[in-house]
> 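Take a look at this one; I'll ask things after.
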Amino acid sequence: MYSVFVVDDEPIVLEGIRSKIDWESSGFVFAGEATDGEIALSMLHEVKPDILITDIKMPFMDGLQLAAAVKRIQPWIKIIILSGHDEFDYAKKAISIGIEDYLLKPFTPDELLKSLNKTAVQIDRERKQLSDISKLREELKSSEVLKKKEFLSNLVHGAELSAVMQKSQELGINLISRFYKVLISRINSRTANQQNQQEACSLLNSYSASWEQEECFFHHSNLLVCIFKGANREELDENIFHAAEAIGHIATKNNDCTVLTAIGKTVEHLSQLNISYEDAKHILQIENNVSQNRIISSDDLEQGFDSKPASNTNSGLLDLKENDPLVDRLKYAGKNDISAIIEESMELIRSNPGQFNVFASYILVDLIFSVSKLVEKLGGNIKELKPEILQRKFVDDAVTDEKDFRQKVEQVLTFALEYRDSKMTGKYGDVILKAKRFIEENYADQNTTLTTVAQAVALSPNHFSTIFSQECKTTFIEYLTNVRIENAKRLIRETDMKGYDIAYECGFSDPHYFSYIFKKNTGMSPREYKGCGQ
């Protein structure tokens with residue numbers, strides 16, 4: 001199935017496209033619509049369709065501007081332009097942007113379906129070509145690519161700046177910018193299928209070449225390293241979070257593949273690029289067992305650990321070195337990592353037979369100290385929160401046998417991760433709570449979009465989209481639509497308002513689209529819903 005998004009400022013055209021194509025049996029899915037390019041661009045960021053159908057002349061942002069923006073940031077989307085006879089010169093310009101087809105108005109449903117089928121064939125052909133592993137291997141072996149990869153690899157590992165500038169000029173790479181970040185994406189196959197993994201990497205290799213303000217190379221077979229630059233921090237964050245989401249979308253077209261993307265610190269000089277790279281690499285190492293698609297930003301994580309220690313929280317405890325590896329691991333570990341940490345501890349104990357008590361005590365005390373440090377970094381006091389684990393009796397009881405040891409270690413780790421999550425969720429919770437409150441107050445406004453809500457919480461749209469989807473387990477568009485539908489259901493039950501009035505009252509610009517979305521979400525039309533008295 002291929003998802004299709006439609007943009008046109010004429011409601012009658014949108015209604016015709018939406019209602020006169022048998023989407024279910026045609027092999028296509030109607031993914032959404034918008035009445036102007038600006039709103040569409042915000043929605044496309046979340047919807048990520050396969051095909052975009054757009055009118056060429058629209059207010060605010062016309063079809064050509066929209067097509068150019070889409071090709072720049074979501075290069076996999078195929079575009080069909082709709083134009084009138086007097087707009088043929090515009091249509092010719094669209095060809096240079098890279099549209100797949102254009103239709104002259106008026107057109108029939110059969111003509112549109114024919115264009116969609118032709119575009120679907122192009123999508124299949126392109127995916128097959130771009131995922132050609134042999135082609136990727138040949139490209140990676142080419143002299144030019146090898147030189148560029150070696151240069152970029154040296155750059156993120158801390159090459160001499162004078163040599164960097166000279167070599168970048170030779171390779172035609174412009175590295176001059178105000179700010180920099182490094183992104184590393186790890187692409188894995190759930191079933192350890194190397195073919196699937198390499199096809200995903202091949203797709204990424206092809207699409208990443210079109211992204212702006214970045215340079216990419218593959219480190220090993222499944223690590224995509226990208227260097228991003230920006231004139232300001234906001235531009236840099238916007239570009240890198242968009243790329244992170246695009247990487248996840250492209251690589252996971254194969255359901256067998258997962259992507260973990262780590263974003264390093266923002267740095268201000270090329271000579272500091274290795275700091276951002278090491279930061280991103282460190283996140284990947286700590287999150288080694290993650291099997292879900294995730295985007296993790298170092299900047300976000302550091303903000304979560306910038307609380308000032310509570311006064312006198314460390315008295316009576318042994319001091320830990322500043323960069324304790326276990327503390328770092330606990331910052332990012334998931335609850336599914338608890339068993340792995342326990343097993344690693346048991347391996348160390350088993351490698352020293354006959355000394356269970358000694359090594360078990362050492363490991364547990366070290367763990368308690370690390371947890372104390374973590375709690376301190378998050379502004380807590382271990383003496384107040386979990387005083388029993390500081391008692392000598394706790395350790396003595398734990399090292400009587402392996403079963404008790406495992407239980408005590410699990411108890412300490414569970415406490416640490418739950419306390420950390422309560423603080424981290426609180427940090428993001430403020431953002432999510434503010435966003436949801438804004439949506440509740442503004443869902444009736446047709447101009448409420450991902451962009452406007454992101455502005456309300458002082459984040460870039462791409463950054464906000466990532467946080468929202470990972471924290472809420474749903475996309476922003478899905479959440480906003482659900483709020484609007486729930487309010488529409490309330491108005492249907494409690495008032496005698498007409499359907500079209502309810503549509504406008506709930507933020508829908510077109511009553512016909514409201515009816516379509518309502519039925520898609522509830523399985524009933526608004527009229528049927530009212531009739532059944534739900």
> Do Phe468 and Thr475 touch side chain to side chain, with heavy atoms closer than 4.5 Å?
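Sidechains of Thr475 and Phe468: no contact.
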> At what distance, to the nearest 0.5 angstrom, does CD1 of Ile187 lie from CD of Gln198?
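Here the rounded value is 9.0 Å.
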> Tell me every residue that passes salt bridge (charged side-chain N to carboxylate O under 4.0 Å, His left out) with Asp36, counting only those two or more places apart in sequence or in another chain.
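By the salt bridge (charged side-chain N to carboxylate O under 4.0 Å, His left out) rule, Asp36 matches no residue at all.
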> To check you understand the geometry: which heavy-atom pair defines the closest contact between Asn188 and Gln197, and what is its length?
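Minimum heavy-atom separation between Asn188 and Gln197: CA-OE1, 3.8 Å.
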> Inspect the contact between Asp55 and Lys105 and indicate whether a charged nitrogen and a carboxylate oxygen are less than 4.0 angstrom apart.
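So Lys105 pairs with Asp55 through a salt bridge.
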> Under a 3.5 Å distance rule, please check whether Ser469 uses its side chain to pair with a backbone N or O of Thr466 as donor and acceptor.
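Yes; judged by distance alone, with no hydrogens or angles, the pair exists.
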> Write down the atom of Ile39, the atom of Ala34, and the distance for their closest heavy-atom approach.
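Heavy-atom minimum between the residues: CG2-CB, 4.2 Å.
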> Evaluate the criterion side-chain contact (heavy atoms from CB on, under 4.5 Å) for residue pair Leu66 and Leu44; output intermediate values, then yes/no.
CA-CA 10 Å; Leu66 176 62; Leu44 288 167; 4.1 Å; yes
> With distance as the sole test, does Ser115 use its side chain to make a donor-acceptor pair with the main-chain N or O of Glu111 at under 3.5 Å?
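Side chain of Ser115 to backbone of Glu111, a donor-acceptor pair under 3.5 Å: no, none is there.
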> With sequence neighbours excluded, tell me which residues meet salt bridge (charged side-chain N to carboxylate O under 4.0 Å, His left out) with Glu268.
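Partners of Glu268 by the salt bridge (charged side-chain N to carboxylate O under 4.0 Å, His left out) criterion, ordered by chain and then number, come out as Arg178, Arg233.
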> Taking the side chain as C-beta and beyond, is there a heavy-atom pair between Ser351 and Leu348 under 4.5 Å?
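With C-beta onward as the side chain, the pair touches.
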> Quick check: are there more than 12 heavy atoms from other residues, nucleotides or ligands sitting under 6.0 Å from NZ of Lys253?
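Yes.
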> If I compare all heavy atoms of Leu175 with all of Ser168, which pair ends up nearest, and what's the gap?
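Between these two residues, the closest heavy atoms are CD1-CB, 3.8 Å.
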> Hey, are Tyr2 and Asp124 close enough side-chain-wise for a donor-acceptor pair under 3.5 Å?
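Yes, because at least one side-chain N or O of Asp124 sits under 3.5 Å from a partner of the opposite role on Tyr2.
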> With sequence neighbours excluded, what pairs up with Ala456 under the side-chain contact (heavy atoms from CB on, under 4.5 Å) test?
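With sequence neighbours excluded, Ala456 shows a side-chain contact (heavy atoms from CB on, under 4.5 Å) to Phe438, given in chain and number order.
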> Using a strict cut-off of less than 4.0 Å between a Lys/Arg side-chain nitrogen and an Asp/Glu carboxylate oxygen, indicate whether Lys71 and Glu100 qualify as a salt bridge.
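Salt bridge between Lys71 and Glu100, a charged N being under 4.0 Å from a carboxylate O: yes.
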> Is the shortest distance from a Lys or Arg side-chain nitrogen in Arg127 or Asp50 to a carboxylate oxygen in the other one below 4.0 Å?
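A salt bridge is present here (some side-chain N lies under 4.0 Å from a carboxylate O).
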> Can you list the steps and then say if Ser298 with Ile283 is a side-chain contact (heavy atoms from CB on, under 4.5 Å)?
CA-CA 8 Å; Ser298 171; Ile283 294 172; 3.9 Å; yes
> A side-chain contact here means heavy atoms from C-beta on lying under 4.5 Å apart; do Leu152 and Val156 qualify?
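Heavy-atom side-chain distance check fails, nothing below 4.5 Å.
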> Dump the intermediate steps for side-chain contact (heavy atoms from CB on, under 4.5 Å) on Val13 and Ile17, then the final yes or no.
CA-CA 6 Å; Val13 175; Ile17 293 175; 4.0 Å; yes
> Please report the shortest heavy-atom distance between Asn205 and Phe218, naming the atom on each side.
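Scanning both residues, the minimum pair turns out to be CB-CE1, 3.8 Å.
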> Look at Glu278 together with Lys281 and state whether they make a salt bridge at an N to O cut-off of under 4.0 Å.
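Counted as a salt bridge, because a side-chain N and a carboxylate O are separated by less than 4.0 Å.
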> Would you call Met43 and Leu450 a side-chain contact if the rule is heavy atoms closer than 4.5 Å?
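No, too far: nothing below the 4.5 Å cut-off.
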> Could you tell me whether the side chain of Ile247 reaches within less than 4.5 Å of the side chain of Val259, counting heavy atoms only?
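Answer yes - side chains close enough.
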> With sequence neighbours excluded, tell me which residues meet salt bridge (charged side-chain N to carboxylate O under 4.0 Å, His left out) with Asp101.
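Partners of Asp101 under the salt bridge (charged side-chain N to carboxylate O under 4.0 Å, His left out) test: Lys118.
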> Could you verify whether a donor N or O on one side chain and an acceptor N or O on the other, from Glu126 and Gln122, lie under 3.5 Å apart?
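Side-chain D/A pair, Glu126 to Gln122: absent.
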> Measuring from Tyr207:OH to Trp76:CH2, what's the distance to the nearest 0.5 Å?
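Between atom OH of Tyr207 and atom CH2 of Trp76 there are 8.5 Å.
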> Could you give the distance from OG1 (Thr191) to CG (Asn196), rounded to the nearest 0.5 Å?
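Interatomic distance, Thr191 OG1 to Asn196 CG, rounded to 0.5 Å: 6.0 Å.
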> Quick one: does Asn117's side chain have a donor or acceptor within less than 3.5 Å of a partner on Leu113's backbone?
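Flag set: sc Asn117 to bb Leu113 pair under 3.5 Å.
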> Between Ser189 and Gln194, do the side chains contain a donor N or O and an acceptor N or O under 3.5 Å apart?
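There is no such pair between these side chains.
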> Check whether Ser177 reaches the backbone of Gly230 with its side chain - one donor and one acceptor, N or O, closer than 3.5 Å.
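Indeed, once roles are kept as given, a pair shorter than 3.5 Å links the two residues.
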> Taking the inter-plane angle between the rings of Trp23 and Phe30 on a 0 to 90° scale, is it parallel (under 30°), tilted (30 to 60°) or perpendicular (over 60°)?
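Trp23 vs Phe30 ring planes: tilted.
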> I need the Glu238 CD to Asn232 CG distance, nearest 0.5 Å.
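Going from the CD atom of Glu238 to the CG atom of Asn232 covers 10.5 Å.
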> For the residue pair Asn442 and Thr448, confirm or rule out a side-chain donor-acceptor distance under 3.5 Å.
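The criterion, which ignores hydrogens and geometry beyond distance, is not satisfied for Thr448 and Asn442.
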> Is the backbone of Asp366 close enough, under 3.5 Å, to the side chain of Ser370 for a donor and an acceptor to pair up by distance?
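Looks like yes, one N/O pair under 3.5 Å.
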> Atom NZ in Lys229, atom CD1 in Ile240: separation rounded to 0.5 Å?
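Rounded to the nearest 0.5 Å, the NZ-CD1 separation comes to 13.5 Å.
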> Report the residue from Val7, Val6, Thr119 that forms a side chain to side chain contact (heavy atoms under 4.5 Å, CB included) with Leu52.
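Among the candidates, only Val7 passes.
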> Say whether, by atom type as modelled, one donor and one acceptor occur between the side chain of Arg190 and the main chain of Asn255 under 3.5 angstrom.
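Yes, Arg190 side chain to Asn255 backbone: donor-acceptor pair under 3.5 Å.
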> What is the distance from atom CD1 of Ile477 to atom OG of Ser42, rounded to the nearest 0.5 Å?
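Separation between the atoms: 6.0 Å.
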> Over 60° means perpendicular and under 30° means parallel, so tell me whether Phe476 and Phe464 are parallel, tilted or perpendicular.
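Answer is perpendicular, since the angle exceeds 60°.
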> Start with the C-alpha distance between Leu284 and Leu260, add both sets of side-chain angles, then the distance that settles side-chain contact (heavy atoms from CB on, under 4.5 Å), and finish with yes or no.
CA-CA 8 Å; Leu284 286 187; Leu260 173 62; 3.7 Å; yes
> Do the side-chain N and O atoms of Lys181 and Thr266 include a donor-acceptor pair separated by under 3.5 angstrom?
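Distance-only check passes for Lys181 and Thr266.
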> Would you indicate whether the side-chain heavy atoms of Thr252 and Thr258 approach each other to under 4.5 Å?
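When only atoms from C-beta onward are counted, Thr252 and Thr258 do not touch, as no gap falls below 4.5 Å.
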> Just to verify, what does Glu215 make a salt bridge (charged side-chain N to carboxylate O under 4.0 Å, His left out) with, not counting sequence neighbours?
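Glu215: salt bridge (charged side-chain N to carboxylate O under 4.0 Å, His left out) contacts with Lys148.
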> Does Lys167 have any side-chain contact (heavy atoms from CB on, under 4.5 Å) partners at least two apart in sequence or in another chain, and if so, which?
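Partners of Lys167 by the side-chain contact (heavy atoms from CB on, under 4.5 Å) criterion, ordered by chain and then number, come out as Phe151, Glu170, Leu171.
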> Would a 4.5 Å heavy-atom cut-off, applied to side chains only, mark Ile73 and Leu41 as touching?
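Yes; the side chains approach each other to less than 4.5 Å.
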> For Ala280 and Gly264, work out which heavy atoms get closest and say how close.
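Heavy atoms of Ala280 and Gly264 come nearest at CB-N, 3.8 Å.
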> Indicate the atoms forming the closest heavy-atom contact of Leu183 with Thr261, along with that distance.
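Scanning both residues, the minimum pair turns out to be CG-CG2, 3.6 Å.
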> Quick one about Ser460 and Asp237 (side-chain donor to acceptor, distance below 3.5 Å, no hydrogens or angles considered), yes or no?
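Result is no, nothing qualifies.
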> Could you check whether any side-chain N or O of Gln272 sits under 3.5 Å from a backbone N or O of His269, counting only pairs where one atom can act as donor and the other as acceptor?
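At least one qualifying donor-acceptor pair exists.
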> In the structure I gave you, are the side-chain heavy atoms of Tyr479 and Ile439 within less than 4.5 Å of one another anywhere?
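Heavy-atom side-chain distance check passes, below 4.5 Å.
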